[in-house]
Amino acid sequence: MSHLERLTKVRGLMKEQGIDAYIIPSSDPHISEYLPERYKCIEWTSGFSGSAGTLVITHDFAGLWTDARYFVQAAEQLAGTGFELVKLKVQAASEYVEWLDQRLGEGAKVAFDGNLASLLVAQTVKNSLEPRGIVVDGHVDLLGAIWEGRPALPQVKAYLLEDSTTGQSTSSKIAEVRKALEKYRVEGHFISSLDDLAWLLNVRGQDVPCNPVVLGFVYVTQKEAILFVESSKLDKESIVELEHQGVHVLDYADAFDFVKEISISSILIDPKRTCFAIYDSIPAGVKIVERINPSTSLKTIKNKTEIAHVRNTMINDGVAMTRFFKWLEETLGKEELSEISIAEKLQGFRAEQPGFVDISFNTIAGYLDHGALPHYHATEKSNYTLKPSGLLLVDSGGQYKTGTTDITRVVSLGNITQEEKEDYTIVLKGTIEGSQAIYPQNTRGYQIDAITRRPIWETLRNYGHGTGHGVGFFLNVHEGPQVINPTNVDIPLEEGMITSIEPGLYREGKHGIRIENLVLSTNFKSSQFGDFMNFETLTICYIATDLVEKNLLQQSHIDWLNSYNQWVYEKVSPLLTADEARWLKEKTKAI
């Protein structure tokens, strides 16, 4: 069945049920960023495979609302499907709601599947449209009846992590959540988000690509803690250990009925991380408190054990990256290399490292103009063959049992233009200035975003994505609550947070540049003016210097670059062969 035929079938069901507009978010009952195959509803319906977007279908229009990261990809994938690209002005904004408001009249009906929409999305739709006399129904699944061969939920085994890895026991983490509930004067808490579940219970799985999580829900009160998970996923020893930590295990499918029978006085749910279907199942007599999951704020502060593991993981990841770039340089021109084949090769180098489990996201290997697509993922159709000319951007990462990595590097394959060198150097300045920042405690991410962009802005250049995102500990590569981007997110950077710094420049049809490291927020020094913080750079992989236009850098930038590359050599070379170490020494020599 073609995507055009699927669109026609959805419209047929809409007509039968009197629906004027149908909304399909990119989500699942856990409001995940990366989805199990069963919940890739946007891709099945429209062909668009990006990780962010919303479909809106009316009887005379079908559109995908997505942001600048996906404009080119979406335009290609939607061709001939009956869907049109609608470019978001603001990343993650619900601009389709305003569009619906302008086009639908009183008495019109808008519907969506409450299992796929977060409470926040549902409230935005209802609060905007219902006052206009538009009917909103959040309990309509139109895809289930027409999606033939829809994938089942994954059945892969889950497992528990040792306290020596996590640095904190499950019972201790639950106790911290209970303290938060007491502080907020809430009796219970329902957790839908998979990374919060994984952190709280020290459990990991393989239910979502690239994210080591298991499908489940958690319910916590002062008296009990319940995990709802497919019973076959955990072995008897794990269930016994969870019971020992104070966690009772029930079946995944029981969660929705359980919520309907909750009899406590009040419950805390995170409106951004809880689906509307769960929210709407809570009995009317239970007071609902909407605020961020306590575990989200707790898990973003990495403890000393986690930080020590991450530092060691970065060394191993740096070994894999070094071997990859050496192999690439020595193989180019001798064998046929493509964007897909080099991504597979890089994964192979990572797989040789201790504790490697999976990649942390699909590798972005963008050659030439594909580098200008920030979230590009090569397909058999788009796959470029590499030549000894132009820029190659590689954004990649690994999931290790001792940490999660995310790194972007750009290398020259030959015949570089002056424009490419200048763009590269200006992005590098941004990375360095963000990494060098010294800032007062309680600084927000948007302030660091401006510091990082300043040397880019002053050349009248800019980039359309955020400067940084939080990163989990052997968990999601995108982790909140902190972000480094232009939006006024009222979350301070705190000691123990791991965040990316990744400015970029993208010239559509020509090349793209992004240089990304992960950094740890640390307490720096105090003065009469208060307490100040800075960043410890965690990522350990050389930054190419043959692309640097040195006269665009100040001495402080040059000193940082030379010091960083020397540090990379010192950390990585003991684990390399003599030949590899010689190669890296040349790459890290001072400019």
Side-chain angles (χ1 to χ4, degrees), residues 10 14 19-36 39-46 48 50-58 62-67 69-70 83 86-104 108-132 134-143 190-196 217 256 259 268-282 288-293 296 476 478 480-481 483 487 489:
V10 170
M14 289 170 60
I19 296 169
D20 297 286
Y22 191 64
I23 302 169
I24 304 176
S26 175
S27 194
D28 65 2
H30 308 277
I31 317 303
S32 305
E33 178 184 10
Y34 298 99
L35 305 174
Y39 291 111
K40 291 185 177 179
C41 300
I42 287 182
E43 184 172 357
W44 184 84
T45 307
S46 71
F48 173 67
S51 63
T54 304
L55 294 182
V56 177
I57 301 170
T58 67
L64 167 75
W65 274 253
T66 192
D67 62 68
R69 296 172 296 169
Y70 297 107
F83 288 87
V86 183
K87 296 181 178 181
L88 282 175
K89 299 179 182 70
V90 179
Q91 187 172 328
S94 301
E95 294 169 11
Y96 58 89
V97 178
E98 182 181 348
W99 183 87
L100 287 169
D101 183 38
Q102 293 173 351
R103 281 158 181 78
L104 299 180
K109 182 177 179 181
V110 173
F112 58 86
D113 182 354
N115 289 291
L116 306 181
S118 72
L119 172 56
L120 188 65
V121 165
Q123 288 173 333
T124 300
V125 174
K126 290 171 75 68
N127 293 344
S128 299
L129 301 183
E130 286 182 339
R132 294 256 289 101
I134 296 171
V135 177
V136 178
D137 187 344
H139 300 286
V140 179
D141 175 14
L142 296 183
L143 301 188
F190 193 84
I191 301 171
S192 300
S193 43
L194 304 183
D195 55 332
D196 285 292
F217 299 95
F256 285 87
V259 171
L268 186 155
I269 61 171
D270 188 333
K272 291 184 178 180
R273 308 298 302 278
T274 304
C275 70
F276 178 71
I278 287 288
Y279 166 83
D280 219 31
S281 297
I282 298 171
I288 298 174
V289 176
E290 297 176 24
R291 61 183 306 143
I292 190 171
N293 287 330
T296 298
N476 294 6
H478 293 151
V483 290
T487 57
V489 175

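Any value given below was found using the heavy atoms of this structure, including those in side chains, with hydrogens, waters and symmetry copies removed. One is the number of the first residue; the rest follow in order along the sequence. Given the structure is predicted, the values throughout are model-derived calculations rather than measurements.
Heavy atoms from other residues, nucleotides or ligands lying under 6.0 Å from CD of Glu98 number 12 at most.
Here the shortest heavy-atom pairing between Ser46 and Phe83 reads CB-CD1, 3.6 Å. The nearest pair of heavy atoms linking Pro29 to Phe217 is O-CE2, 4.1 Å. Shortest non-hydrogen contact noted between Leu194 and Ser32 is CD1-OG, 3.8 Å. Annotation for Val259 and Ile278: closest pair CG1-O, 3.8 Å, computed over non-hydrogen atoms. When every heavy atom of Arg132 is checked against every heavy atom of Leu104, the shortest pair comes out as NH2-O, 3.1 Å. The minimum heavy-atom distance between Glu95 and Trp65, with the atom names listed, is C-NE1, 4.0 Å.
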message: I'd like to know whether Thr45 forms a side chain to side chain contact (heavy atoms under 4.5 Å, CB included) with Tyr22, so could you lay out the CA-CA distance, the side-chain angles of the two residues, the decisive distance to 0.1 Å, and finally the verdict.
response: CA-CA 12 Å; Thr45 307; Tyr22 191 64; over 6 Å; no
- prompt: Does the side chain to side chain contact (heavy atoms under 4.5 Å, CB included) test come out yes or no for Asp101 and Ser128, once each step is laid out?
  reply: CA-CA 7 Å; Asp101 183 38; Ser128 299; 5.9 Å; no
task: Go through Leu116 and Cys275 one step at a time and tell me if the side chain to side chain contact (heavy atoms under 4.5 Å, CB included) criterion holds.
output: CA-CA 6 Å; Leu116 306 181; Cys275 70; over 6 Å; no
- request: Take Arg103 and Thr58, measure what side chain to side chain contact (heavy atoms under 4.5 Å, CB included) needs, and give me the verdict at the end.
  value: CA-CA 10 Å; Arg103 281 158 181 78; Thr58 67; over 6 Å; no
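Looking at heavy atoms from C-beta onward, Leu55 lies out of side-chain contact with Tyr96 at the 4.5 angstrom threshold. Residues Pro481 and Thr296 are in side-chain contact: their nearest non-hydrogen atoms beyond the backbone lie under 4.5 Å apart. For the pair Val110/Asp20, no side-chain contact is recorded, criterion being any heavy-atom separation below 4.5 Å from C-beta on. Side-chain contact between Val56 and Leu100: present, with at least one pair of heavy atoms (C-beta onward) separated by less than 4.5 Å. Using a 4.5 Å heavy-atom threshold, the side chains of Lys272 and Ile31 count as separate. The closest side-chain heavy-atom distance from Phe112 to Val140 is not below 4.5 Å. Between Ile24 and Leu143 the shortest side-chain heavy-atom distance falls below 4.5 Å. Contact check for Asn293 versus Ser193: side-chain heavy atoms found under the 4.5 Å cut-off.
With values rounded to the nearest 0.5 angstrom, Ile191 atom CD1 is found 9.0 Å from Leu268 atom CG. Within the model, atoms OG1 of Thr274 and CD1 of Ile288 stand 9.5 Å from one another, a figure rounded to the nearest 0.5 Å. Within the model, atoms CD of Glu290 and OH of Tyr279 stand 6.0 Å from one another, a figure rounded to the nearest 0.5 Å. Lys40 NZ to Ser51 OG: the interatomic distance, rounded to the nearest 0.5 Å, is 10.0 Å. If you take CE on Met14 and CG on Leu142, they are separated by 7.5 Å, rounding to the nearest 0.5 Å. The CG atom of Leu64 lies 7.5 Å from the OG1 atom of Thr54; values are rounded to the nearest 0.5 Å.
Ring geometry for Phe276 versus His139: interplanar angle of 30 to 60°, hence tilted.
Taking a cutoff of 4.0 Å between a charged side-chain nitrogen and a carboxylate oxygen, Asp195 and Arg273 qualify as a salt bridge.
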